[in-house]
Q: 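Pasting in a structure now, in structure tokens, and then I'll have a few things to ask.
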Number of protein chains: 2
Amino acid sequence: MKIIQPTGSCKSCTLKSLLFTKMTDKELEYLNGFRKEILFEKGESIIKEGTPINEFLYLKKGLVKLYKFGASQRERIISIARPRDFVSLISTFSSTKYQYSITALEESLVCSLQLESMKTVIRNNGGFALELIQHISRSSNNVIQSTFEIDDKHLRGRIAYILLWFSKKIYHNNIFTLPISRKEMGELINMTTENVIRILSEFRKDGLIKIDGKVIGVLNQDLLEKISKSG
Amino acid sequence: MKIIQPTGSCKSCTLKSLLFTKMTDKELEYLNGFRKEILFEKGESIIKEGTPINEFLYLKKGLVKLYKFGASQRERIISIARPRDFVSLISTFSSTKYQYSITALEESLVCSLQLESMKTVIRNNGGFALELIQHISRSSNNVIQSTFEIDDKHLRGRIAYILLWFSKKIYHNNIFTLPISRKEMGELINMTTENVIRILSEFRKDGLIKIDGKVIGVLNQDLLEKISKSG
DNA sequence: CGCGGCTTTGATGTTCATCAAGTAAAGTGG
DNA sequence: CCACTTTACTTGATGAACATCAAAGCCGCG
């Protein structure tokens, strides 16, 4: 973790389009006054469940996992998120403490604004508030939808689903490097590590995919889609 | 379903405290201009998945279920909600069409405002917008949390959990009338109808609960709590 | 009064978690 | 840099939890 002296102000930020199009230059300057940028290495913890929320965190670059410790000791991954669907927002306005933990899966750049100043901007700029509402709703909705979708499938369907998700939604490539371990895959799609491995092997033997450690190649996307849908 | 000629304006609404404390009288009058109140009988459909969203719906009285048709034919109940945690909000701002269906479980009174005028108010009143953000976040958060919590438990734990939830959170009474069928209970806590019935019977035989059709009496709350927690 | 949906119980089957045991890989300290 | 330890990965065998199937009674409703 490395705190970076912010270069330039929010006003000139090329990434503000992700969320901040409705803000005035004056507001951007105001937020910029309390701004920090923090760089997290792969594997570093960004947020710990139970910590008080004093910042409005915003993911500018990278890939993170949002997870929670279940009663049964086991971690459950709620979501894997990129900048556009940064999910810390769900906690930020619903509680005084973070409900989830967040860890960087790849090198990630987080922009940290002061929560109170953010609230001030919201109060003064309804147009921005409306955008934020839509943003939060979409993120929540995605989490809810995908959770139910995954739970509805058999194990083979879950593996197919998540492989296609990485391939199509995250890496836009038939060949990609899994950013998570087999164990974490299990925590994400609700199955044991052993079964993740077993079914990956089956898919390999059936010629659906190619495996080299964390590098996965999708060989038969059509059939994977079918398996993903058939439950 | 019965459309009621609204009596009085939003301004004098005794229930506005649920959400609208941050609105000015002028804004309330404005919204009131396009207001409808609709009364739904038990069992009537309030929202159908896929319908375009043109209103901002708000539950004033009653109990509803929010659900979705899974790929596997079976319905899944996402949430059962009362006025304070009305969940239509999740869809309202994340899409142009409703993502879920909503049906009344008890006689329910819904206030229907024009979505566009609501957006106008949000844009002009950031204070209200901030409240709405918090409201939506809390609702989403509850759905997400409880979904993962329930999935983490064994079948007996799920039944115990949901019985206690009805008893403590909804009806505030050891004896209550289930507002849903056994089948719907299964759809809510993700198990088959048969197993819902089986485990309810077990609990009855073990003296944990008393059953008379849809009327449930909790006899041993402590033990139920333990079963709910132990997975 | 008969039909369809809800409820109930029992018997059967299958999916999946758990347990066990071994190999490979990756981090840790002297 | 190498011994050491830990964590990740892999495969097979076993068992338990749960879904599915089947059959019958019940209730509400047209």
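No experiment lies behind these values; they were computed from the predicted model shown. Below, read A as the first sequence line, B as the second, and so on, with proteins coming before strands; counting in each chain starts at 1.
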Q: Could you give the CG-to-P distance, from B:L155 to D:dA16, as a whole number of Å?
A: 16 Å

Q: Do the charged groups of B:E202 and B:R198 touch, with an N to O distance under 4.0 Å?
A: no

Q: Within this structure, what is the CD-to-P distance between B:E75 and C:dG5, rounded to whole angstrom?
A: 13 Å

Q: Roughly, in whole Å, what's the span from CD in B:E202 to C1' in C:dG10?
A: 14 Å

Q: Do B:Q221 and B:E225 have a side chain donor and acceptor closer than 3.5 Å?
A: yes

Q: Separation of B:I216 atom CD1 from C:dT7 atom P, in whole Å?
A: 11 Å

Q: Around atom NZ of A:K183, are there more than 12 heavy atoms of other residues, nucleotides or ligands at under 6.0 Å?
A: no

Q: With heavy-atom distances below 4.5 Å as the criterion, would you say the side chains of A:I159 and A:M185 are in contact?
A: yes

Q: Calculate the interatomic distance between A:N190 atom CG and C:dT15 atom C1'; express it in whole Å.
A: 14 Å

Q: Is there a donor-acceptor pair under 3.5 Å between the side chain of B:R158 and the backbone N or O of B:N190?
A: yes

Q: Name the orientation class of the two ring planes belonging to A:F56 and A:Y58 (parallel below 30°, tilted from 30 to 60°, perpendicular beyond 60°).
A: parallel

Q: Kindly point out which of C:dT18, D:dA8, C:dC16 is positioned nearest to the side chain of A:T192?
A: C:dT18

Q: Can you find a side-chain donor-acceptor pair between A:N141 and B:Y100 that sits under 3.5 Å?
A: yes

Q: Just by distance, with hydrogens left out, do B:N142 and B:S139 show a side-chain donor and acceptor under 3.5 Å apart?
A: no

Q: Kindly say if A:K214 contacts the phosphate of D:dA8, meaning a side-chain N or O under 4.0 Å from OP1 or OP2.
A: no

Q: How long is the line joining CG of B:D212 and C1' of D:dC26, in whole Å?
A: 14 Å

Q: For B:R74 and D:dC18, give me the distance from atom CZ to atom P, rounded to whole Å.
A: 14 Å

Q: Could you list the protein-to-nucleotides 25-29 of chain C atom pairs, N/O on both sides, closer than 3.5 Å?
A:
none

Q: Could you list, one pair per line, each protein nitrogen or oxygen that sits under 3.5 Å from a nitrogen or oxygen of nucleotides 10-12 of chain D, together with the distance?
A:
unit_1, atom_1, unit_2, atom_2, d
D:dT10, OP2, A:R182, NE, 3.0
D:dT10, OP2, A:R182, NH2, 3.4
D:dT11, OP2, A:S201, OG, 2.7
D:dG12, N7, A:R198, NH1, 3.0

Q: To the nearest angstrom, how far is A:H154 atom NE2 from D:dA17 atom P?
A: 19 Å

Q: Is A:R182 salt-bridged to A:E184, going by a charged N under 4.0 Å from an acidic O?
A: no

